[in-house]
Amino acid sequence: MKTSLSSDIVFIVGPSAVGKSAVALELAACLQGEIISCDALQVYREIRIASDRPSAAAMAAVRHHLFGCVSVEELFNAGRYRTLACSAFEDVLSRGRLPVFCGGSGMYMAVLLDGIFESSRQPDPALRQALEDECARRGCSCLYDRLCAVDPVSAAKIKTNDRQRIIRALEIFALEGRTLSSLQGERVGLWGGRYRVRLFFLDRPREELYARADARVEDMFALGLVEEIKALQELKLSASAAKMIGVPEITGFLCGAYDLQRSRDLIQRNTRRYIKRQLTWFRREARLEHIGIPCGQSPAQTAAFIAQRLAEV
RNA sequence: GCCGAGAUAGCUCAGUUGGUAGAGCGAAGGACUGAAAAUCCUUGCGUCCCCGGUUCAAUUCCGGGUCUCGGCA
């Protein structure tokens, strides 16, 4: 079917296990679109089952971007994502197709919509490591005190024992010679720019979401999750890949810390907590158009509903 | 049937020398802008099994009951 587009870029976001991928696939298929990942883990090549990457059939039916584009050994982060995602959607647009971003990483969506400050310098792993070491040795509050002196605006927004953010803020100051808070004021993103952007948030009742997520974890085990994670042991995982849900839990099992059942329970629990955090993130995002998916509705029906909304406005 | 032990937050339990109670886990809410599937913050009135008794006051002591778990038959 041919629909006249009223948007240049579409986002399909929502919590884990809500059914984003299937809806995005249907939507892209009927609007001549291409899918771009908006997910922090689906970019990793070696993690197929654990990140619930779209099937080969789905990828053959509609062109997908950024899925499995980097190795788990590489450091990946929001900055790199933004660079890759921007060139991907420009590529899609240049071929007259509709970019459909799909994923559950709220921050990656925010980074595209609102931007991120542009760093002139290369990240310095040694500097990060030095800050890590100092934090481990002398405690978080010691670094926090330093941040208060250097960048009181950022310090006011960061909790005294939020290791990750304290280190990040100090790292930026050391690297750029300017404070994180001042740099963050200079961000420019897609929102409010020359593109028409529509954000669709897919949702289901919490209990249904949890049940679907639990079932999906069972499926992952059946598909060979343990083998997939076991294979990663040969590699040197980057910090970002090593903390993905599934890796620590299965590694614990492989080391004999507990049985398989326990690792599955942990993965299910951690997935539920992750879903909760996603919901918290998206809840305060006022730009989203909420799409509640009724129980039993097919992805094609949801996609048709969204396509209609796109055509109307 | 007898003898023990127990019954307290969703779960596992602690505790109150009698002044209506608190840990862990789970759960919920929140923050979030280059690790984000990350990192971090906040939140526990619950017929203290039921009915009586003693007492100014009982979840705590006493008696009876119900149920659960051991052991013995």
Side-chain angles (χ1 to χ4, degrees), chain A residues 13 15-17 37-44 47 49-53 70 72 74-85 103-125 127-129 131-132 135 140-141 144 154 156-172 175-176 180-191 206-207 210 213 216-217 220 229 237-250 262 265-285:
Chain A
V13 298
S16 217
S37 176
C38 186
D39 186 284
L41 280 315
Q42 287 185 332
V43 293
Y44 288 119
I47 302 171
I49 298 168
S51 70
D52 198 37
R53 195 180 314 162
V70 302
V72 289
E74 291 176 60
L75 183 73
F76 195 81
N77 56 37
R80 254 190 99 182
Y81 171 74
R82 181 165 189 259
T83 305
L84 295 174
S105 296
M107 189 168 86
Y108 281 16
M109 180 185 82
V111 148
L112 287 176
L113 295 179
D114 304 319
I116 197 168
F117 75 83
E118 300 297 338
S119 173
S120 48
R121 308 234 155 58
Q122 291 299 307
D124 179 358
L127 171 65
R128 167 75 64 100
Q129 193 56 50
L131 288 164
E132 292 275 5
C135 186
C140 214
S141 58
Y144 185 76
S154 291
K157 291 194 290 189
I158 299 172
K159 295 284 195 302
T160 54
N161 52 350
D162 193 339
R163 255 185 69 247
Q164 196 165 289
R165 289 194 174 79
I166 294 167
I167 288 174
R168 172 68 188 152
L170 287 171
E171 177 184 53
I172 289 302
L175 214 57
E176 305 284 329
L180 178 62
S181 45
S182 70
L183 288 160
Q184 283 177 346
E186 300 169 3
R187 289 170 293 148
V188 180
L190 289 172
W191 190 259
R206 180 81 61 103
E207 288 194 359
Y210 283 0
R216 198 174 75 179
V217 171
M220 286 178 179
I229 303 299
L237 299 188
S238 66
S240 48
K243 300 227 173 164
M244 175 188 73
I245 296 174
V247 172
E249 297 88 345
I250 299 278
R262 171 76 178 150
D265 291 347
L266 285 172
I267 291 173
Q268 289 179 328
R269 183 198 68 181
N270 292 339
T271 302
R272 274 183 246 121
R273 289 176 172 176
Y274 170 52
I275 288 172
K276 194 163 87 70
R277 271 178 276 131
Q278 287 177 303
L279 292 172
T280 300
W281 179 288
F282 288 119
R283 203 173 285 147
R284 63 153 191 189
E285 175 54 78

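In what follows, chains carry the letters A, B, and so on, assigned in the order in which the sequence lines appear, proteins first and then strands, with residues in each chain numbered from 1.
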Say we look at B/A21 and B/U16: how far apart would their P atoms be, to the nearest angstrom? 14 Å
Proximity to the side chain of A/R277 - top-ranked nucleotide from B/A37, B/A38, B/A27: B/A38
Using atom C1' in both nucleotides, what's the gap between B/G64 and B/A28 to the nearest angstrom? 42 Å
A/Y108 to A/N77 - nearest heavy-atom pair and separation: OH-C, 3.6 Å
Search all heavy atoms of A/V72 against all heavy atoms of A/I47 and return the closest pair with its distance. CG1-CD1, 3.5 Å
Looking at A/R273, I'd like to know whether one of its side-chain N or O atoms comes within less than 4.0 Å of OP1 or OP2 on B/A37. no
As a test of reading the structure: which of B/A37, B/G34, B/A27 is closest to the side chain of A/Y274, going by heavy atoms? B/A37
Taking any heavy-atom pair under 4.0 Å as a contact, classify A/S51: base, sugar-phosphate, or nothing. base
More than 12 non-hydrogen atoms from neighbouring residues, nucleotides or ligands closer than 6.0 Å to CZ on A/R262, yes or no? no
Under 4.0 Å from OP1 or OP2 of B/G29: is there any side-chain N or O of A/R206 that close? yes
Nearest-neighbour nucleotide for the A/Q184 side chain, B/A37, B/C40, B/G34 considered: B/G34
Please tell me which of the listed nucleotides, B/A35, B/A37, B/A31, lies nearest to the side chain of A/S105? B/A37
Does A/R128 place a side-chain N or O at less than 4.0 Å from the phosphate oxygens OP1/OP2 of B/A35? yes
Taking all non-hydrogen atoms of both residues, which atom of A/A50 and which atom of A/M244 are closest, and how far apart? CB-CE, 3.7 Å
B/A14 versus B/C62 - spacing of their C1' atoms, nearest Å: 24 Å
Categorize A/G115 for me: base, sugar-phosphate, or nothing, with a 4.0 angstrom heavy-atom threshold over every strand shown. base
For A/K276, report the nucleic acid contact type (base, sugar-phosphate, nothing); a contact means any heavy atom under 4.0 Å. base
Which nucleotide sits closest to the side chain of A/M107: B/A37, B/U39, B/A36? B/A36
Separation of the C1' atoms in B/U8 and B/G24, to the nearest angstrom: 15 Å
By the 4.0 Å heavy-atom rule, please label A/A40 as base, sugar-phosphate, or nothing. sugar-phosphate
Test A/S16 against A/Y274 for side-chain contact (heavy atoms from CB on, under 4.5 Å), laying out the working first. CA-CA 8 Å; A/S16 217; A/Y274 170 52; 4.0 Å; yes
P atoms of B/C72 and B/U43, separation to the nearest Å: 49 Å
At 4.0 Å (heavy atoms only), tell me whether A/A50 reaches a base, stays on the sugar-phosphate, or touches nothing. base
Among B/A27, B/A36, B/C40, which is the nearest nucleotide to the side chain of A/K159? B/C40
